[in-house]
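As structure tokens, the structure follows; a few thoughts come after it.
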Amino acid sequence: MCGIVGFTGTAQAAPILLDGLRRLEYRGYDSAGVAVADAGRIEMVKASGSVANLAGKTSDGAALSGTCGIAHTRWATHGAPTDTNAHPHLSEHGLFAVVHNGIIENFAALRAELEAGGIAFRSETDTEVVAHLLEKYYDGDFKRAVMRTAARLEGSYVLGVLCAREPGRLFCVKEAGPLILGLGVGENYFASDVTALVARTKNVVYMDDGELAELTPERVTVYDRTGREIAKDVSHVVWNVEAAEKGGYEHFMLKEIMEQPRAVKSTIEPRIRGGEIDLGETGLTAGELGDIDKIIITGCGSAYHAAVVGKYVIESLCRIPVEAELASELRYRDAIIDGRTLLIAVSQSGETADTIAAMRECMARGAKCLAIVNVVGSTIARLAGGVLYTRAGPEIAVATTKGYTTQLAALYLFAVWCAEKLGRLDEARYSELVSGLRALPSLAQRAIDLNLHVRYLAERWHGQENLFFIGRNMDYAAAMEGSLKLKEISYIHSEAYAAGELKHGTIALIDEKRLVVALCCQERLFDKMVSNIQEVKARGAKVLGLAIEGDRRIFAEADDVLYSPGCEQLFAALPEIIPLQLFAYYVARENGCAIDKPRNLAKSVTVE
Ligand code: M6R
């Protein structure tokens, strides 16, 4: 999704802005641009393609003087990814430059109104209306122009605004979408996320919807929608810049796969004290848990897959009915929700538009809401009644790995904690499950160590055009995630199927060209999976089996084998996904794909 950076200080702005853009590249984009105010005018350079193209056009920013500016990476929505459509956009007489993340839903009406007033548009974007409105409303009062402009806009937007006549002053506005202020010494910043800022400051302010901020080198002032100054808390970012760099790995995705043992440990370990799980941070009391008669877990993409795993585990342990639902569906469904419903919203970024909308919808109907989120201070974290942070650290690769496994870890923690609070577990089972949770970090490491041969399997199988992932119950949930991992980074078409469903239609697609990845990590369903494997083999398919370490039965069934270490069956989906992440990674690498930034994808989907 689009990335925004703003800087005002005494240093040359453009190199700092370009550095910020580079750190936001992981979000996904297709063009970039920068504008600085200098000597009463705005200098602007834009480039389609990468930030490297923009750096080339500006000698890494050195060609633009000026100590105050804004910059942007654009993920095209309105208009192709051309130089002209790239942000910033200038007002008619070049007085204002604006960068924007989001969608202005009433832009067509605003554009018609402005064109009727004689303004000639240069781009096809929705954003350009903002630049023209700013100039129209500017009467020497920068803040009033920003507020009057924002009041005309409908939709979701984060704006960064620069004015040629206001040296050293920037405004930014947030109305749905992420925006963070960075507080420096004699310099201040805004950005779409902390990754862009962490090399320069660790003191940040998380903006809320309806707020605008004024930045000068010395001061940051936040206002509400009415223009009244408001006090905001300053947060301290705990991770450092190395955490957002590759650390010797060829790709962020591989680094993040390898970080999973530590990330899972950071998520689980601090919440277990003296053999007891403590999730007081959720704000849910035993009494409130007892009042819940339904849980809905929601999210998008991999977060939804984590929700499906969570459904199996929570239902099994807590005996509360659980629905797992895609946020994009839940938000438009007339769901049966009331004060006895607990919504669990799962999101790595905490900024996914559909998940936010589904939360708002469910909360308006009375649901209590717990968020499982990685990014501290994100919109979802602030919207929910309680938060259980995953502690994965920054995740840069578009394909989530440690973000997903830490979501599983958090859902498992919740399931065991909730079951114990509801009196559903005897002491022995509780301590068995707590030990099972504590074992997960070393099992994640074991899953990595057991599957180093996967790169050779990828050499063999990377030429597939279509493949299937099959499994049952939690293995089916893991199959969905394994399939998504492969398709998003290798562009190979794959489908996840509940193994028992194959014969209801899909088996028609199975032939001798097909590779079927069969997940067989549920002991009680192993024999059922063997039957499904035999069905596809009878049609000539090749089989890559995924089984529990030491289970020799799989050798009789599969052409090649991946392994997951043995563990508490309810938690098997966590180590089990790691070989599938590695498989996807090495297949994509064999195929020469852009692993960290796959085509058409953004890390954080902040528009619907
Ligand atoms: O930040 P979120 O967890 O809310 O993101 C949800 C999905 O967009 C995300 O999981 C996406 O499916 C990933 N690219 C999967 O690897």
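For ligands, and for the atoms within them, numbers begin at 1 and follow the listed sequence.
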When the aromatic ring centroids of Y404 and H305 are compared, is their separation below 6.0 Å?
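Y404 vs H305: aromatic centres not under 6.0 Å.
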Measure the distance from [atom] to every protein heavy atom, then report the residue, atom name and distance (to 0.1 Å) of the closest one.
atom	answer
atom 6 (C) of ligand 1	C300 O, 3.2 Å
atom 10 (O) of ligand 1	S302 N, 3.1 Å
atom 4 (O) of ligand 1	T352 OG1, 2.4 Å
atom 8 (O) of ligand 1	V605 CG2, 4.2 Å

Verdict with reasoning, T352 to D354, per side-chain hydrogen bond (donor to acceptor under 3.5 Å, both in side chains):
CA-CA 6 Å; T352 302; D354 281 320; over 6 Å; no
Test of understanding: given a 4.0 Å heavy-atom threshold, classify the contact between K485 and ligand 1 as side chain, backbone, both, or neither.
side chain
Output yes when the distance from some N or O of ligand 1 to some N or O of E488 is under 3.5 Å, and no in every other case.
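Yes: some nitrogen or oxygen of E488 is under 3.5 Å from one in ligand 1.
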Tell me whether the rings of H72 and H87 are parallel (<30°), tilted (30 to 60°) or perpendicular (>60°).
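Ring orientation of H72 relative to H87: parallel.
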Give the C-alpha distance, both sets of side-chain angles, the deciding distance and a yes or no for side-chain hydrogen bond (donor to acceptor under 3.5 Å, both in side chains) between E351 and T379.
CA-CA 6 Å; E351 300 295 350; T379 305; 2.5 Å; yes
Below 4.0 angstrom from a heavy atom of [X], which ligand 1 atoms are there? Numbered from 1 as shown, please.
X	result
S349	1 (O), 2 (P), 4 (O)
Q348	1 (O), 2 (P), 3 (O), 4 (O)
A303	3 (O), 10 (O)

Judged by non-hydrogen atoms, does V398 sit under 4.0 Å from ligand 1?
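In this structure, V398 qualifies as a contact of ligand 1 - some heavy atom is under 4.0 Å.
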Contact between A399 and ligand 1, counting heavy atoms under 4.0 Å?
yes
Report the C-alpha distance between M363 and K368 in whole Å, list the side-chain angles of each, state the deciding distance to 0.1 Å, and finish with yes or no for side chain to side chain contact (heavy atoms under 4.5 Å, CB included).
CA-CA 6 Å; M363 289 168 83; K368 292 187 182 59; over 6 Å; no
What distance do L411 atom CG and L388 atom CG have between them, rounded to the nearest 0.5 Å?
8.0 Å
Would you give the length of the straight line joining atom CD of E269 to atom CG of L413, rounded to the nearest 0.5 angstrom?
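Rounded to the nearest 0.5 Å, the CD-CG separation comes to 10.0 Å.
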Honestly, is R200 close enough over Y189, meaning NZ or CZ under 6.0 Å from the six-membered ring centre and within 45° of the axis?
no
